[in-house]
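It should be emphasised that the depicted structure is a prediction, and the values quoted were computed from it without experimental measurement.
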Amino acid sequence: MRVTWSGGRLTFRLDAEDEITGRAADDHPVKLATNSCSIGGAPADAHPDLYAVAAWTIVAPWTRRRITFDRAVSAEVAAALYNGWGIEAGPVGAEPRRTGARLAISYSGGADSVAAAAIHPSAPFVHFRRVPHPRVPNRWPHYRSDVLAKLAERTGRELTTVTSDLEFTLAEPRPGYPEHHAVAAGALLLADRMNLGGLAFGYELGSRWLGGDRYLLRFTPDNPMWAPHGAWGRLFAAAGVHIVLPVGGVSEAVTMRLALNSELKEQVRWCLRGTEGPCRTCGKCLYKELIQAAVERRPLDTPVTADRPVARKWLQPPPYGGQEMIEYGLARVPGIERSLFAKALDHFEATEESTSWLDHCYPPAIEEIPEPWRAEAAAFLTSQVGLMTEAEVRRVETWGA
């Protein structure tokens, strides 16, 4: 793979051994659509390691043996690429980037992201906004990135909005991030200007420790995407921008509660389709409604019925993505036995007691937050959430066994 930056425009050329269809870090197949993309506002004087890591978040799935950058990178970044992926990187010759002093939040506006913002109230936001690509048609026009960006502007927090068409590098499965970490490409390029030493993401307990969604569904301390000792964690650290997971030890029930009690509650939006509010009919809206109803101890309020395609998976046996939260909702939502989730009840014996561990924080998640920001997170999570007991910790560490 050979990559070239011209301002904020990235162009990449595959080597003979590279592949058009590759796999992201979560092992999901991704097919390449085009070999260029742009990131708005990228400063020309960003450290070469920042340009290298930003590029790697985009081209990693298709790179098999080597990557050649258009400027020399540090030996530390080259070593992280080799040790993490077996990729030979060069040319090598730059001094390593010094770790910055500030933490920024990769802010999406969803409940998890807002919860992270509540933990670090003085951290600035970096918001990623998708914009059209000049050569690739938009096959997902219902995605309202403009609405999410306007909501971010209304938070009143220090905000930098990064525009990019990098999601259109994917032909399949749809426009999206080649790697989950590509959402950070703009923040990486701005890290010198913002003096960033850490970038906080809203990934919670399910994503960090329980495998997340459809991929592993078991306790995963060595999660390759988000563990600080994993390939991505080491690469970001080599570029002086540590991955920080303020809510990595709490469930989506906790992030939902924190978000709805936050001063930013009016800007919370996890739906990518709605304009004046959530669309209420997509799969994500249905899933989040289950969690919100459980937190608020009320019946489900959704127009989705069991015959809708988005409800189909809940009529099938598990495993489910976010299964711990399905169990949490089944144990707490009044009238769940008369809802479209009734079939799921046949497969679980979930009770409030058996799911109470999801109301507390898994302590090792605090311990892996980088030291400059650990005390602030620990104080908030201890006072506002509470730490798991030893028995609850065992529930996390035996999940999926």
Residues forming a ring-ring contact (aromatic ring centres under 6.0 Å, His included) with Phe380, sequence neighbours excluded: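 For Phe380, no residue satisfies ring-ring contact (aromatic ring centres under 6.0 Å, His included) once neighbours in sequence are set aside.
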Non-neighbouring partners of Trp314 that pass ring-ring contact (aromatic ring centres under 6.0 Å, His included), sequence neighbours left out: Tyr320, Phe341
Closest heavy-atom pair and its distance - [X], [Y]:
| X | Y | value |
| --- | --- | --- |
| Leu345 | Glu337 | CD1-CA, 3.6 Å |
| Arg280 | Cys285 | N-SG, 3.4 Å |
| Val3 | Phe12 | CG1-CB, 3.8 Å |
| Ala378 | Thr382 | O-OG1, 2.7 Å |
| Pro121 | Glu376 | CD-OE2, 3.7 Å |
| Ser74 | Asp49 | OG-OD2, 2.7 Å |

Could you give the distance from [atom1] ([X]) to [atom2] ([Y]), rounded to the nearest 0.5 Å?
| X | Y | atom1 | atom2 | result |
| --- | --- | --- | --- | --- |
| Gln323 | Trp399 | CD | CH2 | 5.0 Å |
| Leu199 | Leu103 | CG | CG | 7.5 Å |
| Ser164 | Arg129 | OG | CZ | 12.5 Å |
| Ile326 | Thr355 | CD1 | OG1 | 12.0 Å |
| Leu330 | Leu290 | CG | CG | 6.5 Å |
| Glu368 | Arg374 | CD | CZ | 10.0 Å |

Check: [Y] main-chain N/O paired with [X] side-chain donor or acceptor under 3.5 Å:
| X | Y | value |
| --- | --- | --- |
| His47 | Glu95 | yes |
| Arg102 | Leu196 | no |
| Glu289 | Asp301 | yes |
| Arg298 | Val295 | no |
| Asp112 | Thr255 | no |
| Asp192 | Ala46 | no |

When you check the gap from the basic side-chain N to the acidic O, do [X] and [Y] get nearer than 4.0 Å?
| X | Y | result |
| --- | --- | --- |
| Asp18 | Arg13 | no |
| Arg66 | Glu17 | yes |
| Arg144 | Glu276 | no |
| Arg297 | Glu352 | yes |
| Arg97 | Glu76 | no |

Taking the side chain as everything from C-beta on, heavy atoms only, tell me whether [X] gets closer than 4.5 Å to [Y].
| X | Y | answer |
| --- | --- | --- |
| Tyr328 | Ile291 | no |
| His360 | Thr389 | no |
| His242 | Pro372 | no |
| Val126 | Ser106 | no |
| Leu340 | Thr305 | no |
| Ser354 | Phe348 | no |
| Val241 | Leu50 | yes |
| Thr169 | Trp62 | yes |

Given Trp226, Tyr203, Trp85, Phe201, the one that forms ring-ring contact (aromatic ring centres under 6.0 Å, His included) with Trp232: Trp85
Neighbour count above 12 (heavy atom, 6.0 Å) for Arg98 CZ: no
Over 12 non-hydrogen atoms of neighbours within 6.0 angstrom of CD in Glu19: yes
Quiz item: cation-pi between Arg71 and Tyr51, 6.0 Å / 45°: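 Positive - Arg71 is close enough to the ring of Tyr51 and near enough to its axis.
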Geometric cation-pi criterion Arg135 and Phe168, 6.0 Å radius, 45° cone: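 Checked: cation-pi criterion not met.
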Candidates Thr63, Asp70, Asp15 - the one meeting side chain to side chain donor-acceptor pair (under 3.5 Å) with Arg2: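 Considering Thr63, Asp70, Asp15, a side chain to side chain donor-acceptor pair (under 3.5 Å) with Arg2 is found only for Asp15.
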Residue pair Ser356, Glu353: steps toward the side-chain hydrogen bond (donor to acceptor under 3.5 Å, both in side chains) verdict: CA-CA 5 Å; Ser356 63; Glu353 182 179 5; over 6 Å; no
Step-by-step side chain to side chain contact (heavy atoms under 4.5 Å, CB included) determination, Val254 to Leu358: CA-CA 8 Å; Val254 172; Leu358 293 163; over 6 Å; no
Candidates Leu166, Leu170, Val30, Ile58 - the one meeting side-chain contact (heavy atoms from CB on, under 4.5 Å) with Tyr177: Leu166
Gln384 vs Ile119, side chain to side chain contact (heavy atoms under 4.5 Å, CB included): CA-CA, chis, key distance, verdict: CA-CA 10 Å; Gln384 301 299 317; Ile119 293 172; over 6 Å; no
Working for side-chain hydrogen bond (donor to acceptor under 3.5 Å, both in side chains), residues Tyr362 and Glu397: CA-CA 10 Å; Tyr362 180 59; Glu397 296 177 354; 2.4 Å; yes
CA sep, side-chain torsions, deciding dist, call: Ser339, Val333, side chain to side chain contact (heavy atoms under 4.5 Å, CB included): CA-CA 10 Å; Ser339 76; Val333 174; over 6 Å; no
CA sep, side-chain torsions, deciding dist, call: His127, Leu159, side chain to side chain contact (heavy atoms under 4.5 Å, CB included): CA-CA 7 Å; His127 177 69; Leu159 171 70; 3.8 Å; yes
